[in-house]
*Asks:* 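One structure, pasted below without further comment.
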Amino acid sequence: MPEFLLISHARVYGAPSSDEELSGGELDMHEAQTSGENRELKDKLLRRFGGHIGTLKREFSKKKKKGKLPKEARQTLLGWWNAHNKWPYPTEADKIALAESTGLDQKQINNWFINQRKRHWKPSENLQFAVMDNLSGQFFTED
């Protein structure tokens with residue numbers, strides 16, 4: 001069921017309207033008839049789209065699910081990390097191989113390495129100077 005129908009449904013059946021609040025919740029005949037029609041519409045929509053609602057709920061809950069990667073996948077990534085700790089930037093081929101061996105997608109692999117480098121990698125002082133020398137060489141060698 002589209003989201004706007006779910007929201008409208010919640011508004012119709014969830015909180016009382018301002019008219020109901022002002023009247024103390026008493027309904028006149030017209031409001032009772034409208035309420036009955038709304039329930040009928042709700043039942044009709046649930047019968048027609050009930051199966052789809054469950055599917056959508058499951059799909060949305062999968063997308064929202066965050067948390068730790070599977071232990072085996074983390075161990076595989078950490079093994080690669082430890083073997084390449086001086087320069088922990090996997091090539092595209094490495095990422096593909098890691099994705100196949102862990103069952104993760106490449107976005108998960110990329111994010112894991114980004115987070116791991118931010119949290120745990122301190123490039124050596126020599127490596128920092130080498131990078132700086134390389135960058136400064138680009139600026140000062142061009143005449």
*Asks:* Name all residues meeting the side-chain hydrogen bond (donor to acceptor under 3.5 Å, both in side chains) criterion together with Asp94; count only those two or more places apart in sequence or in a different chain, and write none if there are none.
*Replies:* Thr91

*Asks:* CG of Leu45 to NZ of Lys42: how many Å apart, nearest 0.5 Å?
*Replies:* 10.5 Å

*Asks:* How close do Pro88 and Phe113 get, heavy atom to heavy atom, and via which atoms?
*Replies:* O-CD2, 4.0 Å

*Asks:* For residues 71-80, which side-chain N or O atoms pair as donor and acceptor with protein atoms under 3.5 Å away, sequence neighbours left out?
*Replies:*
unit_1: Arg74; atom_1: NH1; unit_2: Leu69; atom_2: O; d: 2.4
unit_1: Thr76; atom_1: OG1; unit_2: Glu72; atom_2: O; d: 3.0

*Asks:* Measuring from atom CD of Gln116 to atom CG of Asn85, what distance do you get when rounded to the nearest 0.5 angstrom?
*Replies:* 11.0 Å

*Asks:* Does any pair with a residue in residues 107-119 pass salt bridge (Lys or Arg N to Asp or Glu O under 4.0 Å), and if so which ones, sequence neighbours excluded?
*Replies:* none

*Asks:* Can you list everything that forms a side chain to side chain contact (heavy atoms under 4.5 Å, CB included) with Thr34? Sequence neighbours excluded, please.
*Replies:* His30, Asn38

*Asks:* So, using side-chain hydrogen bond (donor to acceptor under 3.5 Å, both in side chains) as the criterion, who are the partners of Asn111 when residues are at least two apart?
*Replies:* none

*Asks:* Would Trp121 and Ile114 show up in the same hydrophobic cluster when neighbours are defined by side-chain heavy atoms closer than 4.5 Å?
*Replies:* no

*Asks:* Which residues satisfy the side chain to side chain contact (heavy atoms under 4.5 Å, CB included) test with Arg48, sequence neighbours excluded?
*Replies:* none

*Asks:* Going by the rule side-chain hydrogen bond (donor to acceptor under 3.5 Å, both in side chains), which residues pair with Glu100 if we only count those two or more places apart in sequence or in a different chain?
*Replies:* none

*Asks:* Are Leu104 and Pro70 side-chain neighbours, meaning at least one heavy-atom pair lies under 4.5 Å?
*Replies:* yes

*Asks:* Nearest 0.5 Å, please: how far is CG in Asn110 from CG in Leu98?
*Replies:* 10.5 Å

*Asks:* Are Tyr89 and Ile96 linked, directly or through intermediate hydrophobic residues, by side-chain heavy-atom contacts shorter than 4.5 Å (ILVMFWY only)?
*Replies:* no

